[in-house]
Amino acid sequence: HVFVARGPGKVCNLQAEFGGDRIWEIDPATGEATLFVQIPEEMCGFLTGLAFTPDGSRLRASMWLRNEILEFDSERNFTVVLDSNDGILCPKGSNNLAYDADGNFYVVNECTRNILLFPRDGGPPTVFADAADGVGAGGAIAFAGDGDLYFTTGLNGINLLRRITPEGNAFPFDSFGSIITPETVTGDESGHVYVGLETGEVFRYNVGDPASKILLAVLPIGGRNSMAMSPDQTQIYLHAGQRLFGVNVADGTVITLSNFADGNFSSTAGMAVVAAPPAVIPSVSEWGLCVMTLVLLVVGSVTIKRRTASRSSFVAVLFRACRASGGTKID
């Protein structure tokens, strides 16, 4: 499922009127969109980036004005896991949160113009990149399959896509001039990098090669957007306006996957994708009872030599009932 963040379109004291901070959950297969969470009005903070923890069990979200990183569980409960005491200062960008292949957590800070690395096993962060590496403001970050980090940033009036190696060596990758803004970036397992511009254009770069830049697709609408790679690596999900688009990475075909209403003033922010959303994992207790019943039924029926046809029919009915009772939340 695809989770998209929607920040309030205006100031926080008008949050209720202008949409508020929200996270929507979208099933790209059906287009169904449901409101995953509405941030309490007193906690209005302009949601920006989203990222799932590596195991897919928790969703993290950055709150720009509050200098906080929130973490949600499948029951929509949340805690503040990082704040200004941890170095979080104006976390901003779509998306400005990411995990690397080793499970380390990265945050882009606008106010301090840096990217912090929080180690997988806990402990204080280190500065992975800062203004000396070209971090000019907030921006989107993403890892490509080669392990390099790509991020969009403005520096001295020029909008750039920059690249940082795992060793921390940073250099410009591409320039978009002073007018066009690269809004978001994602990568695939092969090392290709995809950039979404505010114009609605989507560009692809081959593995680490800025000269390989091609125009992959153009969305039917422009403006702020966010993107993420699908788990099967076949398409890019793009959130723009109040729509979710799918872009085929092979031929650039654009399709509308969902069109959902979320107020006229809510603004597009971050996106995160999970292959098996926690909200649809069956309850352990329900599955446990079903499996135990199935096992006892099969063993018992074999023991007393009931007819195969009758046993198979009942097992099939019970299994369908088990699946139907799988629930929508983790027990």
Would you sort out whether V247 and Q235 count as a side-chain contact (heavy atoms from CB on, under 4.5 Å), showing the intermediate values? CA-CA 5 Å; V247 178; Q235 65 178 327; 5.8 Å; no
Check the pair I236, M229 against side-chain contact (heavy atoms from CB on, under 4.5 Å), reporting the backbone distance first and the verdict last. CA-CA 5 Å; I236 302 166; M229 181 63 60; 4.0 Å; yes
Pair V4-V2, side-chain contact (heavy atoms from CB on, under 4.5 Å): steps then yes or no: CA-CA 7 Å; V4 296; V2 180; 4.1 Å; yes
Would L35 and R76 satisfy side-chain contact (heavy atoms from CB on, under 4.5 Å), going step by step from the backbone distance to the final call? CA-CA 11 Å; L35 185 62; R76 299 168 174 80; over 6 Å; no
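In this structure, the separation between SG on C90 and CD on E110 is 6.0 Å, given to the nearest 0.5 Å. The CZ atom of R58 sits 6.5 Å away from atom CD of E71, with the distance rounded to the nearest 0.5 Å. Interatomic distance, CG of N114 versus OG1 of T126, reported as 10.0 Å (0.5 Å rounding). The line from CD1 of I69 to CD1 of I88 is 4.5 Å long, rounded to the nearest 0.5 Å. How far CZ of F176 is from CD of E201: 9.5 Å, rounded to the nearest 0.5 Å. H192 contributes atom NE2, which lies 11.0 Å from atom CG of L216 (distance to the nearest 0.5 angstrom).
The nearest pair of heavy atoms linking P124 to P119 is O-CD, 3.5 Å. Closest non-hydrogen pair, T234 versus D232, comes out as OG1-OD1, 2.8 Å. Looking at every heavy atom in both residues, P166 comes nearest to G147 through CG-O, 3.5 Å. A pairwise comparison of heavy atoms in G191 and A144 identifies O-CB, 3.8 Å as the closest pair. Looking at every heavy atom in both residues, A269 comes nearest to G7 through CB-N, 4.4 Å. Here the closest heavy-atom approach between residue L50 and residue A61 is recorded as CD2-CB, 3.5 Å.
Distance alone, capped at 3.5 Å, is enough to place a donor-acceptor pair between the N109 side chain and the G87 backbone. Side chain of D21 to main chain of L47: a donor-acceptor pair is present (N/O by atom type, distance under 3.5 Å, no hydrogens or angles). Although no hydrogens or angles enter the test, the distance criterion places a donor-acceptor pair under 3.5 Å between the side chain of D100 and the main chain of N104. Between the side chain of N95 and the main chain of L97, no donor-acceptor pair closer than 3.5 Å is present. At least one donor-acceptor pair under 3.5 Å links the side chain of T152 to the backbone N or O of A140. The backbone N or O of V249 sits less than 3.5 Å from a side-chain atom of R204, completing a donor-acceptor pair. Here the side chain of R224 pairs a donor or acceptor atom with the backbone of T268 at under 3.5 angstrom. In this structure, the side chain of N206 does not engage the main chain of D209 through any donor-acceptor pair within 3.5 Å. Distance alone, capped at 3.5 Å, places no donor-acceptor pair between the R243 side chain and the N259 backbone. Not one N or O on the side chain of T181 forms a donor-acceptor pair closer than 3.5 Å with the backbone of E198.
Side-chain contact between E32 and E25 is absent, with no heavy-atom pair separated by less than 4.5 Å. Taking the side chain as every heavy atom from C-beta outward, W64 and L89 never approach each other to under 4.5 Å. In this structure the side chain of I180 never reaches within 4.5 angstrom of the side chain of N159, judged on heavy atoms. When side chains are defined from C-beta on, I39 counts as touching L70, because their heavy atoms get closer than 4.5 Å. Using a 4.5 Å heavy-atom threshold, the side chains of N77 and T79 count as separate. Contact of the L257 side chain with the I26 side chain is not registered, since no non-hydrogen atoms from C-beta on lie closer than 4.5 Å. Using a 4.5 Å heavy-atom threshold, the side chains of N67 and D83 count as separate. The side-chain heavy atoms of N169 and R163, taken from C-beta on, include no pair separated by under 4.5 Å.
Connection of V81 to V107 is established within a shared hydrophobic cluster, with ILVMFWY side chains joined at heavy-atom distances below 4.5 Å, either directly or through further cluster members. In the hydrophobic clustering of ILVMFWY residues, with side-chain heavy atoms under 4.5 Å counting as a link, V202 and F245 come out together. Grouping the Ile, Leu, Val, Met, Phe, Trp and Tyr side chains by contacts below 4.5 angstrom, directly or via other members, places F52 with I23. V37 and F3 fall within a single hydrophobic cluster, where Ile, Leu, Val, Met, Phe, Trp and Tyr side chains are chained together by heavy-atom contacts under 4.5 Å. At a threshold of 4.5 Å between side-chain heavy atoms, the hydrophobic network of Ile, Leu, Val, Met, Phe, Trp and Tyr places F72 and V274 in one connected group.
Ring centroid separation for the pair Y150 and F143 does not come in under the 6.0 Å cut-off. Residues F128 and Y106 place their aromatic rings such that the two centres sit under 6.0 Å apart. For an aromatic pair to be called close, the ring centres must be under 6.0 Å apart, and F260 with W24 satisfies this. Between F173 and Y205, the gap from one ring centroid to the other is short of 6.0 Å.
Between S94 and T184, the side chains place no donor N or O within less than 3.5 Å of an acceptor N or O (distance only, hydrogens not considered).
Ring geometry for F105 versus Y99: interplanar angle of 30 to 60°, hence tilted.
Within 6.0 Å of the CD1 atom in I214, the count of heavy atoms belonging to other residues, nucleotides or ligands exceeds 12.
Remark: K213 engages D174 in a salt bridge, criterion side-chain N to carboxylate O under 4.0 Å.
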